[in-house]
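Comments concern the structure below.
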Number of protein chains: 2
Amino acid sequence: MSEKKRKAPKPGTPVRGSSTGRPVMVLIELLGRRWVLRILWELRGETPLTFRALQEACGGVSPSVLNARLADLRETGIAEHRDEEGYALTPMGRELLDKLMPLTGWAESWAQSLEK
Amino acid sequence: MSEKKRKAPKPGTPVRGSSTGRPVMVLIELLGRRWVLRILWELRGETPLTFRALQEACGGVSPSVLNARLADLRETGIAEHRDEEGYALTPMGRELLDKLMPLTGWAESWAQSLEK
DNA sequence: TCTTTCTGCTACTGAAAACGTAGCAATGAG
DNA sequence: CTCATTGCTACGTTTTCAGTAGCAGAAAGA
């Protein structure tokens, strides 16, 4: 064995361009990976989504990438897979999403300011 | 052809996996690009940063990518380049950053919950 | 003027990540 | 057994990123 390539960035672990592993840096690294924000967004509902439902919700993202991202989110305790139900956010992940929801409002006024 | 590839996603423009161009989707697409969140973060100070200073702040990100991301952020009215000063957030970009700052607190408790 | 030192980049090559499609093993229903 | 659905893995192609080199313009000094 040995170790497969480490994938999910965790607090305390150095990330690209920052050797400190400061939590906020690690979070920035994680959220900056393609599809991570989108997955969080699509998991905002109350009911879990199956792998394939989630894949479809993300516009047909390839299963390999989706699986990799879900692994990241599971390793970092943000999402989880519930047997017989599907993927859902953990309580911690739910709190993160709550912090991100205000972006919707900002995005709206952003759109308006750009269309002028 | 003629058109260079368009780069910055703007509200109203379809993005990967979502044809609607809904502002929040576009924002998710933009923030999900590598280095975008980090750049916002590094521009949180009051004084503008030069291209090179920003590059260093981002841990030596390659100039080609940095330039591409700055172009994205400028096209979308989030950052701007001020002559004789450097790169800084626009008022709109500053508001976006304000929405993101609470992530710091979340990241701290996230880190704690993981190290146990 | 001729360097030197900043500036904001562009160009290029190679590596890594993502895409897109196919398909497999496991489970459950009929 | 067949068929559908589940969560994926494999793999070849395309896109993106990384890493290094270097250029042109402005300013400053000798």
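Because the structure is a prediction, the values reported are computed rather than measured. Values below: all heavy atoms of this structure, side chains included; hydrogens, waters and symmetry mates excluded. Within every chain, numbering begins at 1; the chains are lettered A, B, ... in the order of the sequence lines, protein sequences first and strands thereafter.
In this structure, B:Arg16 contributes its side chain and B:Glu29 its backbone to no donor-acceptor pair below 3.5 Å. Remark: the backbone N or O of A:Ile28 is not paired with any side-chain donor or acceptor of B:Arg38 at under 3.5 angstrom. Under a 3.5 Å cut-off, the side chain of B:Thr13 and the backbone N or O of B:Gly21 do not form any donor-acceptor pair. Using a distance-only test at 3.5 Å, with no hydrogens or angles considered, no donor-acceptor pair links the side chain of A:Arg22 to the main chain of A:Pro11. Without hydrogens or angle criteria, B:Thr76 side chain to B:Asp72 main chain gives a donor-acceptor distance under 3.5 Å. When atom types are taken as modelled, the side chain of B:Thr50 and the backbone of B:Gly86 share no donor-acceptor pair closer than 3.5 angstrom.
Taking the ring-ring contact (aromatic ring centres under 6.0 Å, His included) definition, one finds that B:Trp41 meets it with nothing, sequence neighbours left out. Residues satisfying the side-chain hydrogen bond (donor to acceptor under 3.5 Å, both in side chains) criterion with A:Arg52, sequence neighbours excluded, are absent altogether. Take B:Glu80 and apply the side-chain hydrogen bond (donor to acceptor under 3.5 Å, both in side chains) test, not counting sequence neighbours, and it matches B:Arg82.
Between the CZ atom of B:Arg38 and the P atom of D:dA18 there is a distance of 12 Å, given to the nearest Å. Look at CD on A:Glu29: it is 13 Å from C1' on C:dA16, rounded to the nearest Å. The interatomic distance linking A:Glu56 (CD) with D:dG7 (P) rounds to 13 Å, in whole Å. A:Arg33 has its CZ atom 14 Å from the P atom of D:dC17, to the nearest Å.
Using a 4.0 Å cut-off, no side-chain N or O of B:Arg34 falls inside it from OP1 or OP2 of C:dA16. Within the structure, every side-chain polar atom (N or O) of A:Trp35 is placed at least 4.0 Å from both OP1 and OP2 of C:dA17.
For DNA chain D, none of the residues of residues 77-94 of chain B falls under the heavy-atom distance limit of 4.0 Å. Of the residues in residues 64-74 of chain A, A:Ser64, A:Val65, A:Arg69 come within less than 4.0 Å of DNA chain C through at least one heavy atom, sorted by number. Taking a 4.0 Å limit (strictly below) on heavy-atom distances, residues 44-55 of chain B does not reach DNA chain D anywhere.
Residues A:Tyr87 and A:Ile39 form no side-chain contact, since every pair of their non-hydrogen atoms from C-beta on lies 4.5 Å or further apart.
One finds no salt bridge joining A:Glu95 and A:Lys99 here, because no Lys/Arg side-chain nitrogen approaches an Asp/Glu carboxylate oxygen to under 4.0 Å.
Here D:dA18 is the nucleotide among C:dG20, D:dT9, D:dA18 with the atom lying nearest to any side-chain atom of B:Ser62.
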